[in-house]
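Numbers restart at 1 for each chain; the letters A, B, ... are given by sequence-line order, proteins then strands.
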2 protein chains.
Amino acid sequence: MGPMTPDSAGPAPHSSSTRGGRRLGRAERREQIIDAATQAFSREGGYSHTSLDDVAAVAGVTRMILYRHFNSKADLYEAVLDRAGERMYHAAVVDGEMDDDSVARVIHWAREDPDAFRLLFRFAAQEPDFRGEIDQLKVGMSAHIRPYLEEVTTDERWVEWTAQLTTMIVIEAIMAWLDAGQPDPEHATDRILRAVEGAVNAIASV
Amino acid sequence: MGPMTPDSAGPAPHSSSTRGGRRLGRAERREQIIDAATQAFSREGGYSHTSLDDVAAVAGVTRMILYRHFNSKADLYEAVLDRAGERMYHAAVVDGEMDDDSVARVIHWAREDPDAFRLLFRFAAQEPDFRGEIDQLKVGMSAHIRPYLEEVTTDERWVEWTAQLTTMIVIEAIMAWLDAGQPDPEHATDRILRAVEGAVNAIASV
DNA sequence: CAGTAACTATACTTTGAAGTATATACATCA
DNA sequence: TGATGTATATACTTCAAAGTATAGTTACTG
């Protein structure tokens, strides 16, 4: 169940539209709600553009149920961002550091769960009340890039800028590919990877 | 008056806090409200995070006045985006085409009115009801870049992606510099310019 | 100095969505 | 088969902010 496993392509609430007693245990239902909420929040356009009715509809559940698992809309949203952020982080960072395959793994994750990727970096990243989570992710990534940059970049004052921009280029390269309809999937990862590398080198050594 | 002319740095409603009869004619007041709204919408975080009370406070005016100049909140917001978008466009495109100085002029405009720049590309660009305007701007820029790219980029399917990403890199490079507190202002334009050029070349010729 | 347009002040209605309450139905499992 | 917990259904309260109405005040203009 959920975007991490190969299913749930459409909105498809659940099998029968009404009445059906206990289907899932607490933990499973909670996860399934987070799945649905990720999709709803991402496709509607972030926190304030998404109502709990939207989420409930996607989950195939009454709005009441949401309150049995989460204290508030904000609480649910944070759960969504937490899970997505964690997955993103574990794609990028292994054993406490980023390696040559980090970007490839992030791309892989983004292909698998584009809703989560878009939600994090297109929407939540701009929301005053929630961007903290995403900013931290970015800071973490930038920090890992920094040491490498300091070898190449000469001017002290531009190191931070270079690190931030590098992170954004990775994100935007993936986003643009998702938005373009994920063309040429065979070579996509490779292509994006090489483009990012080239761009980053160019920027760092200006 | 307004971000395009050197003043209005602070929130500073207007000279005296209460009572002061007719100050501005219709046209001037309208422009001044758009100035204030640009600032308010940008700093509060976009359309839905900004109330008309916020705008009125920055403008140093009653909320009623806003309704004398605009039919609704959405109407005001569109006026704000229209004006900002127009200025941005005229910075980028001269005599119907982009030249070697286009990026430099966009940077210049962004430095002059960072609120407008952020509002357009950080917030409005992600808002379902308003992103159309900004998407068009981006499409326009991408279209101007395309011909150049087609010389370099081999694979047909990746031209669109390259054009989009190029546009985003220009935007993000400027944004990152604004967010970093506009360091090293002397060489900023030059530095950003060279970085963008390098990155774009790297991406196009992957 | 009179008239008009710009503005203030205050109070009101409307709206959409969050959050609450309670009674009922059905599935599962001991 | 009946106790337990998951879910439905419906109706309600609350709240923030948009939008409306109206009466009064001050500045500028002819």
Original post:
Touch check for A:Ser48, heavy atoms < 4.0 angstrom, all strands: base, sugar-phosphate only, or nothing?
Top reply: nothing
Can you check the [X] [atom1] to [N] [atom2] distance for me, whole Å?
{"X": "B:Ile33", "N": "C:dA6", "atom1": "CD1", "atom2": "C1'", "result": "11 Å"}
{"X": "B:Lys73", "N": "D:dA16", "atom1": "NZ", "atom2": "P", "result": "15 Å"}
{"X": "A:Leu24", "N": "D:dT6", "atom1": "CG", "atom2": "C1'", "result": "10 Å"}
{"X": "A:Leu52", "N": "D:dT14", "atom1": "CG", "atom2": "P", "result": "19 Å"}
{"X": "B:Tyr47", "N": "C:dG16", "atom1": "OH", "atom2": "P", "result": "13 Å"}
{"X": "B:Arg29", "N": "C:dT8", "atom1": "CZ", "atom2": "C1'", "result": "12 Å"}
{"X": "A:Asp75", "N": "C:dT20", "atom1": "CG", "atom2": "P", "result": "12 Å"}
{"X": "A:Arg26", "N": "D:dT4", "atom1": "CZ", "atom2": "C1'", "result": "14 Å"}

Going by atom type alone, with no hydrogens or angles, which donor-acceptor pairs under 3.5 Å involve a side-chain atom of residues 52-64 of chain A and a protein atom two or more places apart or on another chain?
unit_1  : atom_1 : unit_2  : atom_2 : d
A:Asp54 : OD2    : A:Ser51 : N      : 3.0
A:Asp54 : OD2    : A:Ser51 : OG     : 3.3

Subject >> Pairing residues for A:His90 by the side chain to side chain donor-acceptor pair (under 3.5 Å) criterion, not counting sequence neighbours >> reply: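 Testing A:His90 for side chain to side chain donor-acceptor pair (under 3.5 Å), a comparison that skips the adjacent residues, returns none.
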Original post:
Which residue pairs pass the salt bridge (charged side-chain N to carboxylate O under 4.0 Å, His left out) test with at least one member in residues 186-200 of chain A, sequence neighbours excluded?
Top reply: A:Asp190-A:Arg194
**OP:** Enumerate the residues from residues 63-72 of chain A whose closest heavy atom to DNA chain C is under 4.0 Å, giving them by residue number; use none for an empty result.
**Re:** A:Arg63, A:Met64, A:Tyr67, A:Ser72
Original post:
Which residues satisfy the ring pair (Phe, Tyr, Trp, His ring centres under 6.0 Å) test with A:Phe70, sequence neighbours excluded?
Top reply: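 A:Phe70 satisfies ring pair (Phe, Tyr, Trp, His ring centres under 6.0 Å) with no other residue.
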Original post:
Taking only residues two or more places apart in sequence, or in another chain, which ones meet A:Phe123 in a ring pair (Phe, Tyr, Trp, His ring centres under 6.0 Å)?
Top reply: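 Per chain and number, A:Phe123 pairs via ring pair (Phe, Tyr, Trp, His ring centres under 6.0 Å) with no residue.
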Original post:
Does CD in A:Glu28 sit with more than 12 non-hydrogen atoms of other residues, nucleotides or ligands closer than 6.0 Å?
Top reply: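 Yes, CD of A:Glu28 has more than 12 neighbouring heavy atoms, counting only those of other groups under 6.0 Å.
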